[in-house]
2 protein chains.
Amino acid sequence: MAAEEIAAPTRILVAVNESTIKGYPHASISSRGAFDWILSKIVRTNTSGFKLLFLHVQVPDEDGFDDMDSIYASPEDFKTMKRRDKIRGLHLLEYFVNHCHEIGVACEAWIKIGDPKEVICHEANRVQPDFLVLGSRGLGPFQKVFVGTVSEFCVKHADCPVIAIKRDASETPQDPVDD
Amino acid sequence: MAAEEIAAPTRILVAVNESTIKGYPHASISSRGAFDWILSKIVRTNTSGFKLLFLHVQVPDEDGFDDMDSIYASPEDFKTMKRRDKIRGLHLLEYFVNHCHEIGVACEAWIKIGDPKEVICHEANRVQPDFLVLGSRGLGPFQKVFVGTVSEFCVKHADCPVIAIKRDASETPQDPVDD
């Protein structure tokens, strides 16, 4: 097994996002679920055999809804806004990176801006991980028709294998708006 | 890590089928690819951390094409045919089980008869593995329209996470009939 032990670690790309309930910098239930699943079911005790690549895609806030109470008076204000968003995203990634360091699993993390499903596929095809893990809200067939799913898109458009980890039903908020 | 080390192994259900070119008892290129992927990317050196569950679904040979040269004169002949099919399937599974024993990975293997996609989902929901791995021929979008894919069906209907491992493009036979 000597040859196997010095083999390059298995590189797992994990797309993570913020909680819709708590907002930044809190990770969504499904992102944390996917992360816990990777650690308990894949990495297990073999912490040196894997490297986790955390990608957070920020959606451009086109309607500015989150900033209804802010006043923008100069180009500088917009730069501040973008910088603040980026900082929030970094704190989101901090949760995952800190946890990896605590248990001794190698990792990298970065932020991209754009449409999550397209950016995730683009990044998957760029960094060529061994596989891609996505947290999923586990929508039923009826909801899927309207919402679509990132995982379905990635299964079709990412070059690497994709696995979607559905959140436990017990963790689904009663009101989908809180999801 | 003591608690982790005595934790139950991660149970991976792997659906395997026979080679369309060589027939029984040879495993298909995509089944062997999925198996190799699990060993090199997931199990790695942690052989005691995983248990592989091999499922082979035999499709009832409704048109009897494979038996064009046989003569059936009695009910006993049909029993012989079914027994022979089952034996062929067992030899297919032998390949995977033998390999697991050689490297010290726990496994189980069994055969079911029916429509592969439906049986795979049924078995996944019955044995509740941590995830399901499917070898995939990696059809393009055009081919998918006509052929459909087992993995798309399983992603929708299996309760557990599903990962499809596409065969290397270099291993695709030139003539799809040989696939």
Side-chain angles (χ1 to χ4, degrees), chain A residues 1-12 30 33-34 36-51 102-105 129-136 138-142 144-145 149 151-169, chain B residues 1-12 30 33-34 36-51 102-105 129-136 138-142 144-145 149 151-169:
Chain A
M1 281 300 184
E4 186 71 25
E5 271 161 359
I6 56 166
T10 297
R11 295 161 70 243
I12 307 175
S30 49
D36 293 343
W37 184 88
I38 292 169
L39 295 182
S40 64
K41 300 302 182 184
I42 304 291
V43 174
R44 301 181 58 99
T45 55
N46 187 11
T47 48
S48 63
F50 297 87
K51 181 170 187 177
E102 276 167 26
I103 58 175
V105 172
D130 290 302
F131 60 108
L132 164 64
V133 177
L134 298 167
S136 157
L139 303 177
F142 182 74
K144 273 188 185 169
V145 173
T149 68
S151 53
E152 279 178 32
F153 184 91
C154 292
V155 164
K156 286 190 181 124
H157 295 94
D159 292 339
C160 65
V162 178
I163 189 163
I165 307 301
K166 283 180 198 162
R167 193 175 48 191
D168 281 355
Chain B
M1 282 302 185
E4 185 71 26
E5 273 162 359
I6 55 165
T10 296
R11 294 161 70 242
I12 308 175
S30 50
D36 292 343
W37 185 88
I38 293 170
L39 294 182
S40 64
K41 300 300 181 185
I42 304 291
V43 174
R44 301 181 59 99
T45 55
N46 186 11
T47 48
S48 63
F50 297 86
K51 181 170 188 177
E102 276 168 25
I103 60 176
V105 172
D130 290 302
F131 61 107
L132 164 64
V133 178
L134 298 167
S136 157
L139 302 178
F142 182 75
K144 273 187 186 170
V145 173
T149 68
S151 54
E152 279 178 30
F153 184 91
C154 291
V155 163
K156 287 191 180 121
H157 295 94
D159 292 338
C160 65
V162 178
I163 189 163
I165 307 302
K166 283 180 198 162
R167 192 174 50 190
D168 280 356

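Letters A, B, ... are given to chains in the order of the sequence lines, protein chains preceding strands, and every chain is numbered from 1.
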Looking at [X] and [Y], what are the two nearest heavy atoms and their distance?
X        : Y        : value
B:Ser40  : A:Thr10  : O-OG1, 4.1 Å
B:Val162 : A:Ile163 : O-CG1, 3.7 Å
A:Ala164 : B:Pro161 : O-CB, 3.6 Å

To the nearest 0.5 angstrom, please state how far the [atom1] atom of [X] sits from the [atom2] atom of [Y].
X        : Y        : atom1 : atom2 : answer
A:Thr47  : B:Asn46  : OG1   : CG    : 10.0 Å
B:Lys41  : A:Ile12  : NZ    : CD1   : 10.5 Å
B:Phe131 : A:Ile165 : CZ    : CD1   : 8.5 Å

